[in-house]
Protein chains: 2
Amino acid sequence: MDTTQRTDQQRSAERRRRELLEAADRVVLRDGPHASMNAIAAEAGITKPILYRHFGDKGGLYAALAKRHTDALLNSLRAALDAPAERRERVEATLDTYLAAIEARPQVYRFLMHPAEGSQSDQGFDVGKHSAPLLRRMGEELAQVIEERLDLGPGSQQLARVWGHGIVGMMHAAGDWWLGERPCSRAELVKSLADLLWGRLAAAGDRVGSPGF
Amino acid sequence: MDTTQRTDQQRSAERRRRELLEAADRVVLRDGPHASMNAIAAEAGITKPILYRHFGDKGGLYAALAKRHTDALLNSLRAALDAPAERRERVEATLDTYLAAIEARPQVYRFLMHPAEGSQSDQGFDVGKHSAPLLRRMGEELAQVIEERLDLGPGSQQLARVWGHGIVGMMHAAGDWWLGERPCSRAELVKSLADLLWGRLAAAGDRVGSPGF
DNA sequence: CGTGCATGTTACTTGCGGTAACACGAGTCT
DNA sequence: AGACTCGTGTTACCGCAAGTAACATGCACG
C-alpha cells in the first residue's frame, strides 16, 4: 500500500520541517529578522534549495515560524483571559502575561511584529496586511471573549470587535514603548493601562488652567 | 563674500531636495514602500548617486519623506486636540481626524508605519525602534496634552505617557483593522472607541452564562 | 535490474542598496 | 585668460540576498 508509505514519508517530512524551523528560530533570534536564507540553511546544516522546497519562499518560512510563536503566546493569553476571577483581575493578568512575554524574549516579539519582508503584491491598496498577523489574531480572539462574556446590548458583536482590536493595539503600543524606555515597572504599567480601560481618563478632573471651554 | 554664495547654494540645494522628495513621494505612493531607489531616481529624472548625496541612504530618504507626512498629520491632530470643546468632543474629533486621514490616503499611512527597511544595526535588543516614529511622536504628543490638561494626582507624568502611547496604539490598531475590513462607518468606529475610553468595558454587565464565580 | 522519488548539492540569474571614478559647468582667485 | 574649487550629473561597478535550474545520490518497489 502506498498509504503507509506516504504517512511514513509525511512523518519524516514533518520532523524535518520541525528541525528546520528550530534552526531558523535560533538564527532569527540571534541575528534578527533580517537573517538570510543562507544563514538559516547553514545553521540547519543544509543548503538553501531545501528550505525553498519546504517553505516555498522566505515569506512561507517566516509565516510558519511566526505561527509557532503566535500560537504559543495566544495560548498563554487565553489561559489568563479565561481564568476564574473578576473582570479587572483577568484584564490585568492578561496584560501582564503579554508584557512578561515580550519582556522575556524581545527578539521573538520583534520578529512577530515584523513579517513585512517576504510579502507579495504590494499592489496599491492592500493596507491592513502589513500589520502583523499576531495583532489581528489577538484582536479577534479578544473580541470573541468580550462578546461571549459581556452584555453589550445591540450591535454587541461589532462593538466587541472594535474593542478587541483597540485594546490589543493599546497593549501593543504601550508595551513597545515601555520595552524601549523602561520608565516604570511592569506592574505599574499594567495598573495604568487597566485604569485607562476602567475609564479614569473620563473621570479625571480638569487642571486649573483650562476650565472646560 | 562666500556667505551669500553659500546661502544661494543652500537655497538651490533645498529646492532640489524638495523636488526629489516630491518625486519620491509620487513613486512611493504609486509603488508602495518597497519602491527602489532606481525607480525614485528615474521619476525624479536623475540617477541613484544623487539621491545618495542628498539623503545619505535609503533610510535617510524615507525618514525625510516620513517627516513631512508625520508633521502634517500631527498638525491636524493638534488642532483637533486643542479645540475649545468638551473632553469627549475633543477625543472624538481627534479620533475622527486620524481615521479620516488614513482613510483618505491609505498608501501614505501604510508607508508611515513601515520604515523597517533602511534601518541600521538590528543588533540584538534595540526593540522599540521598528515601531514607526509616527506612533511614538503621536504618543508623546498626546501624553503632553493629557498631562497639561488633566489632574491625575501623583505620578501624573508617567501615567500620562502610558495613556498617550496606549491610546495612540488603540487608535492605530483599530484604524488598521477597520481600514482592512470596513465593518462599519467611521462615525460608529469613533463612537465605539470613545465609549471604550469612557469605561464602558468596566461598566458592562456580565452575560447570563458566566456569573463571575 | 531499472524506475520513481525524496533529499541533497553546486552554480547560476536577477535585482537592489551602495560606492568609486570620471565629466561637465559655473563662479572665484591671482 | 588660465588654474582651482565645488556642486551636479553620469556610467560602471561591488557585494549580497532571494530564488531557480540542473545535476547527483540513496532508497524503496515492481
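Residue numbers start from 1 in every chain, and the chains themselves are labelled A, B, ... in the order their sequence lines are given, proteins ahead of strands.
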### Validation row, ring centre A:Phe111 to ring centre A:Tyr62 under 6.0 Å
yes
### Query
Could B:Arg26 and B:Glu22 be called an ion pair, given the rule that one side-chain N must be under 4.0 Å from one carboxylate O?
no
### Query
From C:dC16, D:dG19, C:dT19, pick the nucleotide closest to the side chain of B:Ser36?
C:dC16
#### Entry: Under-4.0 Å side-chain N/O to phosphate OP1/OP2 contact, B:Arg16 with D:dG9
yes
### Task
Return the value, rounded to whole Å, for the distance between atom CE of A:Met37 and atom C1' of D:dT20.
13 Å
### Task
Name the closest nucleotide to the B:Arg53 side chain, picking from D:dA18, C:dA21, C:dG8.
C:dA21
### Message
Whole angstroms only, please: what is the CD1-P distance between B:Ile50 and D:dA12?
### Response
16 Å
### Query
By a strict heavy-atom criterion of less than 4.0 Å, which residues belonging to residues 38-49 of chain B are in contact with DNA chain D?
B:Ile46, B:Thr47, B:Pro49
### Message
Please check: side-chain N/O of B:Arg87 versus main-chain N/O of A:Ala204, any donor-acceptor pairing under 3.5 Å?
### Response
yes
### Query
Distance from A:Asp71 atom CG to A:Leu134 atom CG, nearest 0.5 Å?
10.0 Å
### Query
In whole Å, what is the span from the CG atom of A:Asp31 to the C1' atom of D:dA17?
14 Å
### Message
So for atom CD, which belongs to B:Gln157, do other residues, nucleotides or ligands contribute more than 12 heavy atoms lying within a distance under 6.0 Å?
### Response
no
#### Entry: Residues A:Arg149 and A:Asp82 bridged, charged N to O under 4.0 Å
yes
### Message
On DNA chain C, does the nearest nucleotide to A:His54 precede the nearest nucleotide to B:Tyr52 from the 5' side, or the other way round? Give the residue.
### Response
A:His54
### Query
Between C:dG8, C:dG17, D:dT10, which one does the side chain of B:Lys58 approach most closely?
C:dG17
#### Entry: A:His34 NE2 to C:dG17 C1', straight-line distance once rounded to whole Å
13 Å
### Summary
When rounded to whole Å, the OH to P distance for the pair A:Tyr62 and D:dA18 reads 7 Å
### Interatomic distance where CD belongs to A:Glu19 and P belongs to C:dT7 [whole Å]
12 Å
### Query
Does A:Arg18 CZ have over 12 foreign heavy atoms under 6.0 Å away?
no
### Query
Taking atom C1' of D:dT8 as reference, at what distance in whole Å does atom CG of B:Leu20 sit?
11 Å
### Message
Measure CZ/B:Arg15 against C1'/D:dG7 and give the value in whole Å, please.
### Response
14 Å
